[in-house]
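Step one of this worksheet: look at the structure below.
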Amino acid sequence: MSALTLNLFQRPEGGIGRAFALSALVHIVLAAVLFLGVRWQVHPPDVVSVDLVDTLPPPPPPAPVVEAPKPPPPAPKVEPEVKPPPPVPKPDIAIREKPKPKPKPKPEPKKVEAKPKPDLEMQKRMQEQLAQEQKALDQQRQERQLRDLLAAQQADAARKAASARASALGEYIGRIQAKVRGNWILPQDLDGNPEAIFLVIQLPTGEVLSTKLLKSSGNPAYDTAVERAILKSSPLPLPSDRALFSRELKLTFRPRDK
């Protein structure tokens, strides 16, 4: 090697010591920074105290709601008073205007009304309707006459039946009275024609069950004689028509009747 190259690789003796001192200073500063940083972060824990209670405290009352003040009502509108206009004074002298004569109306020509032509079909329908109504009236009249005739016949038949029944009943009662007269013995001192009415109860065979005096003749001897004759006449005659038989008979007796 040349002498120039040897000089480049050789270091001065004073430079090594300065480098060592600088390196030691840097390590010292770094150690101090780490020590201070760790000390700042490490601090004692805070103490927390907790009180145990059975129930939770009541919640605070809600804040009162304050309503906004209502706006005052609007003042009523006062309309200005309208005064009526003063009356217009009438003039002292009223001027009357003469009415203008109205023009006479012109006579209108008379309208000649056209006579309607007769509707033959309408007339035909009206005639048919009248004929039907007349037919219905005739039928109603015939039905009414037939009803009246039937009613008259029924009334006549009822009258005849009642008359026949009354006649048959009179004949039946007459036979009973005749039999009783044949069995009575009247008192000798009987005056006049006294009437005695008896109610007789009999069996369907005509046998007398009992008698009852409904109306006395006023002569007890005559009443007793009639009652004995009724009992002696049992059985009483029966009617020819069994429909006329009655369990109770109302019998009237007069001594002078036949």
Side-chain angles (χ1 to χ4, degrees), residues 119-258:
D119 192 350
L120 299 178
E121 186 177 357
M122 180 65 72
Q123 291 181 359
K124 184 178 180 181
R125 286 200 299 267
M126 290 178 65
Q127 290 176 359
E128 292 177 355
Q129 185 176 359
L130 290 174
Q132 291 177 359
E133 293 177 357
Q134 185 64 32
K135 184 178 179 180
L137 291 175
D138 294 341
Q139 186 175 359
Q140 291 177 2
R141 183 169 56 255
Q142 292 176 2
E143 291 177 356
R144 184 169 59 254
Q145 291 176 356
L146 180 60
R147 286 196 301 270
D148 295 343
L149 180 61
L150 291 176
Q153 291 178 355
Q154 290 176 357
D156 187 32
R159 283 194 299 270
K160 289 181 180 179
S163 177
R165 178 181 175 82
S167 177
L169 185 61
E171 187 268 338
Y172 169 50
I173 297 298
R175 288 194 291 116
I176 294 175
Q177 291 173 340
K179 187 175 182 179
V180 172
R181 289 191 188 97
N183 292 322
W184 67 21
I185 299 176
L186 300 179
Q188 296 180 358
D189 57 347
L190 183 64
D191 295 332
N193 193 21
E195 180 184 75
I197 300 176
F198 284 87
L199 176 66
V200 179
I201 299 176
Q202 62 175 344
L203 293 175
T205 57
E207 296 179 4
V208 178
L209 292 179
S210 63
T211 60
K212 182 179 180 181
L213 180 62
L214 298 179
K215 179 183 178 183
S216 174
S217 63
N219 190 335
Y222 173 70
D223 295 341
T224 303
V226 173
E227 185 175 7
R228 289 177 182 175
I230 293 172
L231 295 175
K232 189 176 181 181
S233 300
S234 180
L236 300 175
L238 296 176
S240 56
D241 185 2
R242 295 295 297 178
L244 298 176
F245 178 83
S246 177
R247 181 179 174 82
E248 297 181 358
L249 290 177
K250 187 177 179 181
L251 302 176
T252 302
F253 296 96
R254 300 182 187 90
R256 307 301 178 189
D257 292 349
K258 294 182 180 181

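The shown structure was predicted, so the numbers you read here are calculated from the model rather than taken from an experiment. Atom set for the values below is all heavy atoms of this structure, side chains included, hydrogens, waters and symmetry mates excluded.
Within the 4.5 Å cutoff, the side chain of Tyr172 has heavy atoms near those of the Leu249 side chain. At a threshold of 4.5 Å between non-hydrogen side-chain atoms, the residues Leu146 and Glu143 do not count as touching.
For the pair Leu213 and Ile197, the tightest heavy-atom approach, listed with the atom from each and the gap, is CD1-O, 3.6 Å. Nearest approach of Val200 to Thr211, heavy atoms of both residues: CG2-CG2, 4.3 Å. A pairwise comparison of heavy atoms in Phe198 and Asp223 identifies CZ-O, 3.5 Å as the closest pair. Smallest separation of non-hydrogen atoms from Tyr222 and Ala196: CE2-CB, 3.9 Å. Listed here is the closest heavy atom pair of Ser234 and Glu207: OG-CA, 3.3 Å. Taking each heavy atom of Gln202 and Ser246 in turn, the nearest pair found is NE2-O, 3.0 Å.
Applying side chain to side chain contact (heavy atoms under 4.5 Å, CB included) to Pro239 and the options Ile173, Leu169, Leu244 leaves one that passes, Leu244.
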Expected list for residues 188-195: side-chain donor-acceptor pairs under 3.5 angstrom, two or more places apart:
from, atom 1, to, atom 2, distance (Å)
Asn193, OD1, Arg256, N, 2.8
Asn193, ND2, Asp257, OD1, 3.4
Glu195, OE1, Lys215, NZ, 3.1
Glu195, OE2, Arg254, NE, 3.0
Glu195, OE2, Arg254, NH2, 2.2

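For the atom pair Lys250 NZ and Leu199 CG, the distance stands at 9.0 Å (nearest 0.5 Å). Here the straight-line distance linking atom CG of Asn183 with atom CD1 of Ile230 works out to 10.5 Å at 0.5 Å rounding. Separating the CG atom in Leu137 from the CD atom in Gln132 is a distance of 12.0 Å, to the nearest 0.5 Å. Between the CZ atom in Arg147 and the CD atom in Gln145 there is a gap of 10.5 Å [rounded to 0.5 Å]. Atom CD of Glu248 sits about 10.5 Å away from atom CG of Leu209, to the nearest 0.5 Å. The distance from atom CG of Leu186 to atom OG1 of Thr224, rounded to the nearest 0.5 Å, is 12.0 Å.
Between Arg141 and Asp138 a salt bridge is recorded (basic side-chain N to carboxylate O distance below 4.0 Å). In this structure, Arg144 does not pair ionically with Asp148, as no charged nitrogen and carboxylate oxygen lie closer than 4.0 Å.
Remark: the backbone N or O of Lys212 is not paired with any side-chain donor or acceptor of Glu227 at under 3.5 angstrom. A side-chain donor-acceptor contact under 3.5 Å links Gln177 to the backbone of Thr252. The backbone N or O of Ala229 sits less than 3.5 Å from a side-chain atom of Ser233, completing a donor-acceptor pair. Distance alone, capped at 3.5 Å, places no donor-acceptor pair between the Arg181 side chain and the Pro255 backbone.
In Leu150, the CG atom is crowded: over 12 heavy atoms of neighbouring residues, nucleotides or ligands sit closer than 6.0 Å. Environment of CZ in Arg175: crowded, with over 12 heavy atoms of neighbouring residues, nucleotides or ligands closer than 6.0 Å. Under a cut-off of 6.0 angstrom, the local environment of CD in Glu133 is crowded, with over 12 non-hydrogen atoms contributed by other residues, nucleotides or ligands. More than 12 heavy atoms of other shown residues, nucleotides or ligands fall within 6.0 angstrom of atom CD in Glu128.
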